[in-house]
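Predicted model only: the values in this text are computed from it and were never measured. Indexing begins at 1, ligand by ligand and atom by atom, following the structure's order.
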Amino acid sequence: MCSAWWKESVVYQIYPRSFMDSNGDGVGDINGITQKLDYLKTLGIDVIWLSPVYQSPNDDNGYDISDYQAIMPEFGTMEDFDRMLSEAHKRGIKIVMDLVVNHTSDEHSWFVESRSSVDNPYRDYYIWKPGKKGEDGRETAPNNWGSFFSGPAWEYDEKTQMYFLHLFSKKQPDLNWENDKVRNEVFSMMDWWLKKGIDGFRMDVISLISKNQDFPDAPVKENSIYGDAGRYTANGPRVHEFLKEMNQKVLSKYDIMTVGEASGVTVEEAKKYASLDNSELNMVFQFEHMDLDGGETFKWNDKKIDLVELKKTLSKWQYELEGKAWNSLYWNNHDQPRIVSRLGDDTVYRERSAKMLGTCIHMMQGTPYIYQGEELGMTNAPFGGIEDFRDIESINAFRELTQNGMEAETILKYIRYKSRDNARTPFQWEDGPFAGFTTGTPWIMVNPNYKEINAKKALENPESVFYYYQKLIKLRKEKPVIVYGRYELLMEDHKALYAYTREYEGEKLLTVCNFTKESVEFELPEEFIKGTVLLSNVNRQKTEPSFALEPYEALVVIL
Ligand code: NOJ
């Protein structure tokens with residue numbers, strides 16, 4: 001298999017608002033990140049994916065951009081950014097920027113122009129449609145699509161008496177990628193950042209940029225009021241054409257890394273987005289394993305992910321992309337609740353289960369992504385009422401579901417478990433006030449478990465989750481089989497254990513992870529009896545032909 005630095009790298013995601021506040025305003029910032037680069041160097045990561053730091057009115061915490069070439073003042077200045085980039089590079093750390101170009105903020109100058117009149121030169125930068133007559137003769141939105149953040153996906157604009165499309169909040173109007181002026185603006189903006197020396201892009205909801213131009217009504221799922229917009233916007237008719245154009249005009253000119261966030265992506269589509277022929281992107285984020293605990297009210301429930309289903313899904317991605325495309329590997333990001341609280345045990349076995357989950361994902365084929373705090377085993381936060389939440393998705397869902405008759409306590413239980421705010425509580429640096437994140441008042445509550453779970457304590461304890469992650473990263477550098485090996489699932493129907501092998505140029509690796517609180521008997525596959533222990537989260541030194549795996553044990557054996 002062709003080698004590439006982005007296949008051999010480990011990426012660390014920083015959500016700047018919650019990472020480190022250097023000036024006491026309660027909001028994390030760029031200088032805070034620069035201060036902590038040595039911490040990341042100690043961890044050993046290669047690349048930072050920086051969530052948006054651009055100018056934004058913060059309707060969706062920076063994913064609503066009003067100027068792509070300016071820094072949000074709360075986060076600092078362009079000089080601060082340049083200094084962070086050069087300090088990261090000095091330490092051999094690359095920086096990949098978030099590229100949010102499915103939509104802008106409604107405060108972006110393009111949209112301000114666009115909404116001002118039907119013949120403004122920027123009108124066609126966005127998706128405007130007249131309303132249609134409903135059965136009762138009253139005017140309704142152009143179609144029945146719902147926004148991913150609740151409510152309709154169309155907003156009526158008084159000024160020109162038409163509707164604009166917003167798949168996310170109404171302050172995030174969708175760009176019209178059919179317009180080649182839009183595409184060229186985006187490409188030259190990307191070029192500007194690349195010339196500055198950044199090392200790539202994580203592309204926000206890039207699978208949504210090409211809409212079905214008939215804008216048909218979409219089927220309404222059970223328990224929903226609106227049509228499923230994803231049906232006619234995800235992996236749309238021209239998405240691969242647009243990305244190939246982006247690749248030719250911009251990406252192919254630089255030695256960079258690209259990852260597309262691709263909601264609704266199937267393995268078949270991923271083979272096109274992330275083909276090893278380098279014609280579009282390096283890899284995509286798929287969601288199938290994260291959606292396994294979806295239910296009647298979509299993500300809002302407290303169902304547990306079934307291990308057999310999880311193995312089936314992750315293995316499908318491993319098998320199908322082998323030799324054709326490249327996987328990204330993740331459990332956490334700024335949109336997901338904390339994985340120890342979701343798939344591990346955030347009480348008695350917190351550290352052990354955090355290490356087990358890290359092992360399970362890092363030993364697969366693909367580029368691993370660590371989300372800030374994952375390396376400490378940070379957990380979901382004990383949020384109280386809806387007033388504790390800051391996230392627009394959670395707040396809107398609470399409003400819509402309670403209006404639809406769901407008990408407030410029920411929906412709150414689900415939001416507490418699944419809200420994106422679980423990932424967004426401040427990074428826990430130490431056991432002092434506000435976990436050392438800020439000297440001011442943090443913009444969102446600090447998880448009270450910071451006295452126990454924090455970076456300072458982790459750095460002092462050789463057995464911490466931090467040092468285990470450091471080892472996971474180091475092993476990847478030492479063993480090509482971890483990067484390039486072919487994956488094979490064992491015991492696919494086992495309800496407690498996730499076991500698989502990897503094989504590459506004469507090296508073979510076995511990973512086995514116990515996903516339960518119980519001890520589980522395990523028979524070592526015969527060929528591994530002669531193997532040696534490469535990694536263990538319970539200090540197991542050697543294996544027997546058959547033995548009991550301890551609760552949440554993870555073991556890697558190498559031949
Ligand atoms: C996906 C991002 O990860 C999420 O945080 C954001 O709210 C939406 N895209 C809209 O930009």
Charged tip of R238 within 45° of W177 ring normal and under 6.0 Å: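 Not flagged: R238 not positioned over aromatic ring of W177.
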Is it the case that E269 and H240 place a side-chain donor and acceptor less than 3.5 Å from each other?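 There is such a pair (donor and acceptor under 3.5 Å, judged by atom type) between the side chains of E269 and H240.
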Examine the side chains of Q13 and R202 and answer whether a donor and an acceptor come within less than 3.5 Å of each other.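 Short answer, no.
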Tabulate distances under 3.5 Å between N/O atoms of ligand 1 and N/O atoms of the protein, writing both atom names on each line.
residue  : atom   : partner : partner atom : Å
ligand 1 : 3 (O)  : R202    : NH2          : 3.1
ligand 1 : 3 (O)  : H334    : NE2          : 2.9
ligand 1 : 3 (O)  : D335    : OD2          : 2.5
ligand 1 : 5 (O)  : H334    : NE2          : 2.9
ligand 1 : 5 (O)  : D335    : OD1          : 2.7
ligand 1 : 5 (O)  : D335    : OD2          : 3.4
ligand 1 : 5 (O)  : R420    : NH1          : 3.3
ligand 1 : 7 (O)  : D60     : OD1          : 3.3
ligand 1 : 7 (O)  : D60     : OD2          : 2.5
ligand 1 : 7 (O)  : R420    : NH1          : 3.0
ligand 1 : 9 (N)  : D204    : OD1          : 2.9
ligand 1 : 9 (N)  : D204    : OD2          : 3.1
ligand 1 : 11 (O) : H103    : NE2          : 2.9
ligand 1 : 11 (O) : D204    : OD2          : 2.8

Taking 4.0 angstrom as the limit, do K170 and D106 come out as a salt bridge?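 No salt bridge links K170 with D106.
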Using 4.0 Å as the upper bound for N to carboxylate O, is an ion pair formed by K211 and E178?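 Salt bridge flag = no for K211 with E178.
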Using side chain to side chain contact (heavy atoms under 4.5 Å, CB included) as the criterion, point out the one residue from L85, T77, D80 that pairs with I30.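 With I30 as partner, L85, T77, D80 yield a single side chain to side chain contact (heavy atoms under 4.5 Å, CB included), made by D80.
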